Amino acid sequence: MDSFWEFLQKKFQQEFAAVSYQTWIESAQPLKLENQKIFICVPSSLHKEYWERNISTKVVEAAYEYSNQEIVPVILLPNDLKTTQPKTQTDNTAPQATNHLVREAHLNSKYTFDSFVTGSGNQMAHAAALVVSEEPGTMYNPLFIYGGVGLGKTHLMQAIGHRMLDRDPQANVKYISSESFANDFINSIQNRTQEEFRNEYRTVDLLLVDDIQFFADKEGTQEEFFHTFNTLYNTKKQIVLTSDRLPNEIPKLQERLVSRFKWGLSVDITAPDLETRTAILRKKAIAENLEIPDDALSYIASQIDSNVRELEGALVRVQAYSTMNNEDINISLAAEALKDLKDSQHQAGLTISKIQTQVAKYYKLTVDDLKGKRRNKSIVVPRQIAMYLSRELTDSSLPKIGQEFGGKDHTTVLHSCEKIAKLLESDLNIQHDLTNLKASLQN
Ligand SMILES: Nc1ncnc2c1ncn2[C@@H]1O[C@H](COP(=O)(O)OP(=O)(O)OP(=O)(O)O)[C@@H](O)[C@H]1O
């Protein structure tokens, strides 16, 4: 178990942002590995929910990678250890562990319009989602929601599903990630169940496909989706898609899909401003019955500015810190709780200029290339990596980073950081380069 856990930690350390890693992975403790189940204890019900929703599937996948075996995580709370034998827990939790199966069948009950906070960054997307939920298949078909990591695309998309089910509980609503769609399709070929697969997808009233950018490079899946899309579109069934970028920016997406995705409406979600971030935290605190004064909420919101998922992680961290120390939450406690996070992220004495020099050297470019405007791929990616590292390893603001990169706009910096964060999830070369670069920057 120890070596598998070590393997997982290494893998997740590369995959997750530092905030997420510290919040979700470092706080978890592996208990035992038995009958192909790994029992993992996490500190709070919020952690448990997050693990089951977002991390369990990754553990199953990592287990295959590690040992070619199925190992299913069972997430426990400290209280479960006192009161319940893990066996009972196993029986209850095992079916949920394969997250994508759960997501296929159900919508997350929390992702509703009621729990969605609107602000300038998501107003348009919110309005379009409302229209679609009220008049599916007519006004905007497909609705294409795009934007950076953790900004509420999945939430909004699922809210449409909930609204449709509220109005018509018999409606056939299907939520799926593009990766699960691709896996289902491949399985259907292997098991010769293509007919069932087609029936399942082509007879829905509302199809929600998340993170469509992962269709890149999947020729067969794109072909299948093309037909699914046509059938649904022609029968006036609503399709909602999300992606981290516009259809024509998704590499290797067939032209005919790109053009179809543009038939309806494309709306973007951008990072929330401070006011919206504070309102999101307030709503979350109320939902979780947490007592946090407004100024502490604003403080937390001021510390995390580009990703709502990480913002939520920061709130959990502050809450855990307050429980551990048995103190009420206020600004100084929040600052203390988030201090390690900043310290571990930001290396003392590291400057943007040093990062630029190292990145240029690593990719055999000049610093001027990184600061310039040339758009060749061999320069654009290193430039984005240098911006990403400046953001992650220094405490410079987005505008400051933009300024140091030849006076670029802060939205360009944000886009670059998000692009690299996303690539890091799947691109082994980028993972490798970043590990090397970070190591060289520590010297
Ligand atoms: N405007 C909002 N109001 C309330 N909660 C929000 C809002 N935006 C995001 N969230 C919360 O932030 C978390 C991340 O959101 P979500 O998973 O929808 O992001 P995403 O854009 O789909 O991310 P990814 O690009 O990683 O797929 C969720 O818990 C969601 O409920």
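Every value quoted in this text rests on a predicted model; they were computed, and no experiment measured them. Just so you know, ligand 1 is whichever comes first in the structure, and atom 1 is the first atom listed for that ligand.
- Here is the list of ligand 1 atoms found below 4.0 Å of a heavy atom in Lys422: 25 (O).
- Only the side chain of Glu312 comes within 4.0 Å of ligand 1, counting heavy atoms alone; its backbone N, CA, C and O stay farther away.
- Against a heavy-atom cut-off of under 4.0 Å, Asp211 is close to the following atoms of ligand 1: 27 (O).
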Please tabulate, one pair per line, all N/O donor-acceptor pairs under 3.5 Å involving side-chain atoms of residues 138-151, not counting sequence neighbours.
residue: Thr138; atom: OG1; partner: Glu135; partner atom: O; Å: 2.8
residue: Asn141; atom: OD1; partner: Gln238; partner atom: NE2; Å: 3.2
residue: Asn141; atom: OD1; partner: Ile239; partner atom: N; Å: 2.9
residue: Asn141; atom: ND2; partner: Lys237; partner atom: O; Å: 2.9

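- Heavy atoms of Asp244 stay at 4.0 angstrom or farther from ligand 1.
- Geometrically, ligand 1 and Gly152 share a nitrogen or oxygen pair separated by less than 3.5 Å.
- Under the 4.0 angstrom criterion for non-hydrogen atoms, Gly147 is not in contact with ligand 1.
- Nearest-residue assignment for atom 3 (N) of ligand 1 (options Val308, Val117, Thr276; heavy-atom criterion): Val117.
- Between Ile420 and Ser416, every side-chain heavy-atom pair lies at or beyond the 4.5 Å cut-off.
- In the candidate list Glu418, Gln213, His155, Arg309, Arg309 is nearest to atom 17 (O) of ligand 1, counting heavy atoms.
- Side-chain contact between Phe214 and Lys422: present, with at least one pair of heavy atoms (C-beta onward) separated by less than 4.5 Å.
- Surrounding CD of Glu275 are at most 12 heavy atoms belonging to other residues, nucleotides or ligands under 6.0 Å away.
- Below 4.0 Å from some heavy atom of Asn122 lie the following atoms of ligand 1, by number and element: 1 (N).
- Arg260 and Asn230 share a side-chain donor-acceptor pair at under 3.5 Å.
- Around atom 7 (C) of ligand 1, the closest heavy atom drawn from Phe116, Tyr111, Tyr146, Phe113 belongs to Phe116.
- Within the 4.0 Å heavy-atom criterion, the part of Ser115 lying near ligand 1 is the backbone and not the side chain.
- A salt bridge links Lys48 with Glu52: at least one charged nitrogen is closer than 4.0 Å to a carboxylate oxygen.
- For atom 20 (P) of ligand 1, the candidate residues are Lys153, Lys284, Lys110; the nearest heavy-atom contact is made by Lys153.
- Between Trp24 and Phe12, the distance separating the two ring centers is not shorter than 6.0 angstrom.
- A ring-centre distance under 6.0 Å is not found for Phe185 and Phe181.
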